[in-house]
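Written out below as structure tokens is the structure these notes cover.
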Amino acid sequence: NLTLLSRVTNLVDANVTITGVDLSNALTLAADKNVDQVQMNGDQTITLPYATYVQNASLLNRLSTTGGTLSINVQGVSGNQAWGITENTKVTSLSVSSGETLSVSYTDYINGAARLAKISNLSDVTVVVTEVSFDNALGILATDTIVDQISLTAGQTWSPDYATYITQA
């Protein structure tokens, strides 16, 4: 059939969905310029090294499953790339290379619990929350064990009384 399809001059203008695809062939088919959607059956998990993810990120939107869930896991991500990858709704989990630093702004930290939950090995990563006020910094450090460091917003002023300073410094 591929030989016959090669003779169709405007196949790229059609909506082509390939069904019943094996996981081993999914990315190859998704890369085919004539294929718009690749459907696999049942629950499927794709684990990609970071470099492979980068090469194929645009193709992931073409993948889906029928009667199951598609899970995409990315491994060996650098700290400075991790937050961007968590934004990809197709990615269900990722692991950051051990010893890396993940920096997120205070706004992203507050609004990004679901994105942080995608990172499977936060205990192996130095998590830094940036652009934090003094008022919020101590609360985060006292209650959130995943945060290793805080970077304050420039120009902060903190004027605690002696007892507060001693108990929180």
Atom of [X], atom of [Y] and distance for their closest heavy-atom approach:
X	Y	result
T19	Q39	CG2-OE1, 3.3 Å
L152	Q156	CB-CG, 4.1 Å
V35	V38	CG1-CG2, 3.7 Å
L70	M40	CD1-CE, 3.8 Å
P160	Y165	CG-CB, 4.0 Å

Ignoring hydrogens and geometry, is there a side-chain-to-backbone donor-acceptor pair from [X] to [Y] under 3.5 Å?
X	Y	answer
T92	I72	yes
S133	N136	yes
N56	T52	yes
D22	S24	no
T86	K118	no

As a quick check of understanding, evaluate side-chain contact (heavy atoms from CB on, under 4.5 Å) for I150 and V128, giving each step before the final call.
CA-CA 6 Å; I150 294 287; V128 179; over 6 Å; no

Measuring from E131:CD to Y106:OH, what's the distance to the nearest 0.5 Å?
12.0 Å

Parallel, tilted or perpendicular, judged at 30° and 60°: which one describes the rings of F134 and W158?
parallel

